[in-house]
Amino acid sequence: ENAPGVWLTRQPSCIEGGDMRNYQLEGLNWLISLYDRNISGILADEMGLGKTLQSISLVGYLKFQRGDPGPYLVVCPKSTVTNWMREFARWCPSLSVLKLQGDQEERRQTLEVDMHAPFDVLVTTYEVLIIEKAALRKRDWRYMIIDEAHRIKNENSVLSQAVRLLNTKFRILITGTPLQNNLHELWALLNFLLPKLFSDSNVFDTLFANQSHSE
């Protein structure tokens, strides 16, 4: 259960909140395979298929089965922070999860006190990340998981610029929005994940434009 290249046939032992469905386990195995190949990825299932659980199970698996200490950063809309915290507590209660939200004093407490004690995961919002990007840059994050990642499809937006400043080893983008509708938006997400490979949007756009004309 802890060797590179493994294919899990049952959910990790740290996942306690219920039974993962087969397709969720397949999603977890795919995320683990990305980890083993040292690359980032996009988790683009339809709404309601448990992308949150797949992400939580990845964090739990890497922490407890593979000994990857993290820390892990989850960035999500303000409306889903409570759900992320609840799902972490339900599915993987052995993880230590902090929330960075609230007014300036609450955020200072989290950044200057809570985060200096051992923790595994920090959950925050787009808006707070933009405000606190200088403090968050001081950490080396193993993973940054961005929920509803189509929000960074404009590479010039304030949010997109802010998340690119953070020091992250792996990046996982979660979206239920179809990606194929706009090639430049797809490039922006790929550029965020793999900036060296997808460095030039003009080359990307031209390549696919030529391909579509030849079909």
Inset, instruction - Begin from the C-alpha positions of K169 and D68 and carry the test salt bridge (Lys or Arg N to Asp or Glu O under 4.0 Å) through to its verdict. - result: CA-CA 12 Å; K169 172 67 174 173; D68 193 315; over 6 Å; no
Inset, instruction - Test V121 against L73 for side-chain contact (heavy atoms from CB on, under 4.5 Å), laying out the working first. - result: CA-CA 6 Å; V121 184; L73 177 66; over 6 Å; no
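Taking CD1 of I15 as the reference point, atom CZ of F64 lies at 9.0 Å (rounded to 0.5 Å). Note that CD of Q161 and CD1 of I130 are 10.5 Å apart. Values are rounded to the nearest 0.5 Å.
E127 and K78 are not joined by a salt bridge, as no carboxylate oxygen comes within less than 4.0 angstrom of a charged side-chain nitrogen.
The environment of CZ in R137 is sparse: at most 12 heavy-atom neighbours from other residues, nucleotides or ligands sit within 6.0 Å. In this structure, N22 places its CG atom where only 12 or fewer heavy-atom neighbours from other residues, nucleotides or ligands lie under 6.0 Å away.
For the pair L8 and N29, the tightest heavy-atom approach, listed with the atom from each and the gap, is N-OD1, 2.7 Å.
Side chains of R37 and S33: a donor-acceptor N/O pair is present below 3.5 angstrom, by distance only. Judged by distance alone, the side chains of T168 and R171 do bring a donor and an acceptor atom under 3.5 Å apart. Under 3.5 Å, the side chains of E16 and S94 contain no donor-acceptor pair of N or O atoms. Between the side chains of Y61 and R66, at least one donor-acceptor pair of N or O atoms lies under 3.5 Å.
Although no hydrogens or angles enter the test, the distance criterion places a donor-acceptor pair under 3.5 Å between the side chain of Q11 and the main chain of M20. The closest donor-acceptor contact from the side chain of W141 to the backbone of L136 lies under 3.5 Å.
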